[in-house]
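Chain A is the first sequence line, chain B the second, and so forth, proteins listed ahead of strands; every chain is numbered from 1. Please read all numbers here as calculations on a predicted model, not as lab measurements.
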Amino acid sequence: MIDYVFRVGGEGGEGVISTGEMLTMALARAGFEIYTFRTYPAEIKGGHANFQVRASGKLLLSYGAAVDVLLAFNEEAYQKHYKDVHPGGVVVYDSDSYVPPSADSLIFYGIPMTSLATEKVGIKLTKNIVALGVLSELFDIPFATFEELLKDKFGRKGEMVVQKNLLALKIGAEYAKGQAKRDQIRLGPGPRKTKELVLSGNESLALGAIAAGCRFYAGYPITPATDIMEFLAKELPKLGGLVVQTEDEIAAIGAVLGASFAGKKAMTATSGPGFSLMTEMLGLAVAAEIPAVVVDVQRVGPSTGMPTKTEQGDLYLAVYGGHGNCPRIVIGLSSVEDCFYGIMRAFNLSEQFQMPVVVLSDASLGHRKATVPVPDRSRVPIVERRKPQGAELIDYKRYRFTPDAISPMAIPGMEGGGYVAEGLEHDERGFPAASNHEMHLRTTQKRYTKFQEVEAIANELARSYGEPHPDIGIIGWGATEGVIREAVEMAVDKGYSVGALHPKILYPQPLAKLREFMEGPKAIIIPEVNFTGQFATLLRKRFAYDFIQLNKCIGLPFTPKEIFDKIEEVAAHVHAGQRTHAAKL
Amino acid sequence: MSTPVSELTPQSYKSDEHPIWCPGCGDFGVLASLYHSLAGLAINPNNLVVVSGIGCSGRTSGFIKSYGFHSVHGRVLPVAMGIKLANPSLEVIGAGGDGDGFAIGGGHIPHAARRNLDLTYLIMDNSTYGLTKGQYSPTAPVGFQAGSTPYGNIEQPLNPLAMLIAYGATFVGQGYSGKPRELADLITRAIEHKGFAFVNVISPCITFYNTYKVIPPLLREVPRDHDVTDRTKAFALALETTHVSLGVFYQVSRPTFEEGVAEVIKKAQASSPPRLDEIFAEFS
């Protein structure tokens, strides 16, 4: 089975990322499943950037572990990454920039990329395309796929630009032909014949929002969420919708609540600092029972933190952010494909329960690309909010107490539906009841009653894999799903009894599913990309269970091996009959 | 059943919620003027949304029989923008006090003004925080003495009219709650204006900063020969220190944000077919 990891490294702003993206597209078009990971500097120009793509004949769940091919444009790229190349792996480098010292365990191909680009093509920046030609030839990635890709990518810039790039590609390939082949890496055409999309998590999410019926977006630029806004700014107007770039995140969520009140499905997306600013308005959406979708593409915090790096650090804020008793739904997105369906569900839940839904993605998921089947919208049927009809508009009560706690919501323009969306505590009509003690209890109960049905949905949506009755359980959330799954597969292959549960709705939690899952295992590991174990802490509130935490807090996602190693460590204790957690109370 | 539009009177807009204001509060005059103006324009209550912030004047949305949105402190304008953009056929009026608008919500005003959404924004300016018992507000004079400034306010007050003219509002006017007839006329002109219309209403707080005796002698109408399209003259009027002028200071015509959005949609739809499947195709 073909399964290779390519990494491209070089100076930020010099096309490292776009070289990686073109390689990714070529591999996807050639019929491979792909999974990318990129880190880029906080600076726009300069600093080190790298882009990794894993290509395989089977569905990929993580960005992989060791690197098979490192493409190093400069010394820094080599020094930073050569240790990640596994023994027998390949380093392709720009010999005009830096010549690495020889190492027995690695195979080197030095290519004068810069001088080939300047002397033979006449444009220095085409060294990236020269490099792609080299990779195509060395590793048998179909050359025609690259040619097609360059035509598509540069076609709009004119024939001249296309020809220059095709020339660069050819020059790279020809130069590589002259190299004596010393490695075994050959790709050829991939096994997949059907067409798939290559999407980043953020793109998939934005597409899902459109499919869900979102036609209003307000937001403020922030890494790593900005491309959601840019994507929708381009696409929403085509469908009669719009994007407003507001003066800050408070205005963004304010406009979203206004638009939703007026009947539009509306969303904002941000990252930690912006989400922190939104919490007061989140409470307003809860009190006034307004559907709204808020996406937080998490980055490293606190404060400005590490803007381009990943972390699962905003779960507490998503669940508890804001004052008062403030129920909202929190969803964790787990893969590029799940970004599409997950955001659709978020809109459905917010419409059905008339409350805000916080959607947690993260930098690693938002910015990585993967091949995904063309989305099937019918998998998540669209839900619309309940509106008053006929007799309900006579003596209309916006916040009427109903058995399921959902009150029909009038939309401005409806005759007889006039009411005030009220952030003060209020009665069924929406009239302020700021001194009515009993009413406060009733309305609070009303707002929390909605959770009963949400919890039932949460139980349905939780996914599990690996052994159904394992000795060692894993509970994960959000973007760690793929790595956990891959680690579980590795462990099961080695004979360990391991199984995992991955809730999609993180709040309210799928308590029945969690309880059932916790019955069997002798130990449960909760891996999280944060310092304190935020999900583990939330679960401890509901379950007296001594979870084993696995926390990574360096701004990078887990590798499958890190989780696998923990499984092995825990398994050793379990098999030795040692207690790995306190008895259930 | 709703009242036929032809029979709308000021009374038609009165909600069942009774104002919580102190007897003698200037806001009563503002509310009465607003009722008159709405009736005069025969605005269909089903298509009217009043958005308000927090504070005494923030309660305004509750006293009008229409749709309303009682937002959080300082966020009248973002919420009003969302409503107007979601459904441009709605009549959207924002209302709040000087603390709500100029202090906590001050960051939204320049952007609402330059975007030029077709909104009306009423500020009931009493230079104090009435609901928290009388602290100095952004329009309180130097020397203002209250709970948080026991030795007197040391901050320069801001000038709302000059500020809005500078920010690019296309309608800027000022009224006084003690002159409800003139104020109703001014609000009517503001609602009729196509674009962002700002009305600063001096509306005294009888309990914590009673200016009923101080204000009237300073009042005068905007001079009849004032050219409302002349921005420099509008500034001069706003910067006057000897008088407080009432009326329209500045009014010009500029495309609204909604019109801009319609243009964007037209451009987007001309270049690409509006189908989700076509959008998917761009990523394969």
Regarding A:K265 and A:E351, does a basic nitrogen lie under 4.0 Å from an acidic carboxylate oxygen? no
Hey, could you give me the OG1/CG distance between A:T24 and A:L149, rounded to the nearest 0.5 Å? 10.0 Å
Could you check which of A:G263, A:P432, A:A421 has the highest count of heavy-atom pairs closer than 4.5 Å to chain B? A:A421
Output the distance between atom OG (B:S61) and atom CD (A:E422), rounded to the nearest 0.5 Å. 6.5 Å
Can you say whether the rings of B:F196 and B:Y121 are parallel (under 30°), tilted (30 to 60°) or perpendicular (over 60°)? tilted
Among the options B:V51, B:L90, B:L77, B:I54, pick out the one with the most heavy-atom pairs lying under 4.5 Å from chain A. B:L90
Please look at A:F340 and chain B and tell me whether the side chain, the backbone, both or neither of the residue comes under 4.5 angstrom of a heavy atom of that chain. side chain
Kindly assign one of parallel, tilted or perpendicular to the pair B:F102 and B:F198, based on the angle between their ring planes and the thresholds 30° and 60°. tilted
Measuring heavy-atom distances to chain B, does A:F216 have an atom under 4.5 Å in its side chain, in its backbone, in both, or in neither? side chain
For the pair A:E247 and B:R115, find out whether any cationic side-chain nitrogen is under 4.0 Å from an anionic carboxylate oxygen. yes
Would you mind checking if A:R192 and A:E196 are paired as a salt bridge, meaning a charged N to carboxylate O distance below 4.0 Å? yes
Considering only NZ, NE, NH1 and NH2 on the basic side and carboxylate oxygens on the acidic side, decide whether A:R29 and A:D152 come within less than 4.0 Å. yes
Checking B:S137 now: which residues fulfil side chain to side chain donor-acceptor pair (under 3.5 Å) with it, not counting sequence neighbours? B:D98, B:T139
Quick check on the interface: out of B:V264, B:V72, B:N87, who has the most heavy-atom pairs with chain A under 4.5 Å? B:V72
The interface call for B:V261 against chain A, heavy-atom contacts under 4.5 Å, is side chain
Let me see the working for B:L38 and B:L48 under side chain to side chain contact (heavy atoms under 4.5 Å, CB included), right down to the final yes or no. CA-CA 9 Å; B:L38 293 169; B:L48 171 64; 3.9 Å; yes
Whatever's closer than 4.5 Å to a heavy atom in chain B on A:I411 counts as backbone
Got a salt bridge between A:R429 and B:E17, using NZ or NE/NH1/NH2 to carboxylate O under 4.0 Å? no
Can you tell which of A:A28, A:P412, A:A218, A:S260 has the highest number of heavy-atom pairs within less than 4.5 Å of chain B? A:P412
Given that the side chain runs from C-beta out, which part of B:S66 has a heavy atom under 4.5 Å from chain A: side chain, backbone, both or neither? backbone
Is A:A211 in contact with chain B via its backbone, its side chain, both, or neither, using a 4.5 Å heavy-atom distance? both
Between B:S71 and chain A, with a heavy-atom cut-off of 4.5 Å, which part of the residue counts as in contact: side chain, backbone, both or neither? both
Classify the ring geometry of B:F69 against A:F261: parallel below 30°, tilted from 30° to 60°, perpendicular beyond 60°. perpendicular
Salt bridge or not between A:K153 and A:E148? Use side-chain N to carboxylate O under 4.0 Å. no
Using a cut-off of under 4.5 Å on heavy-atom pairs, state which of A:A255, A:A262, A:A252 scores highest against chain B. A:A255
Give me the contact list for residues 373-382 of chain A versus chain B, heavy atoms only, anything under 4.5 Å, ordered by residue number. A:V374, A:P375, A:R377
Cut-off 4.5 Å, heavy atoms of chain B, and the answer for A:L242 is side chain
Counting only non-hydrogen atoms closer than 4.5 Å, does B:V49 touch chain A with its backbone (N, CA, C, O), its side chain (CB onward), both, or neither? side chain
Looking at B:C205, is its backbone amide N or carbonyl O close enough to the side chain of B:N126 to form a donor-acceptor pair, meaning the two atoms are under 3.5 Å apart? no
Top of B:I265, B:V76, B:N47, B:I64 for chain A proximity - count of heavy-atom pairs under 4.5 angstrom: B:I265
Where does A:V243 contact chain B at under 4.5 Å (heavy atoms): side chain, backbone, both or neither? neither
Comparing A:I250, A:D248, A:I210, A:T371 against chain B, the one with the most heavy-atom pairs below 4.5 Å turns out to be A:I250
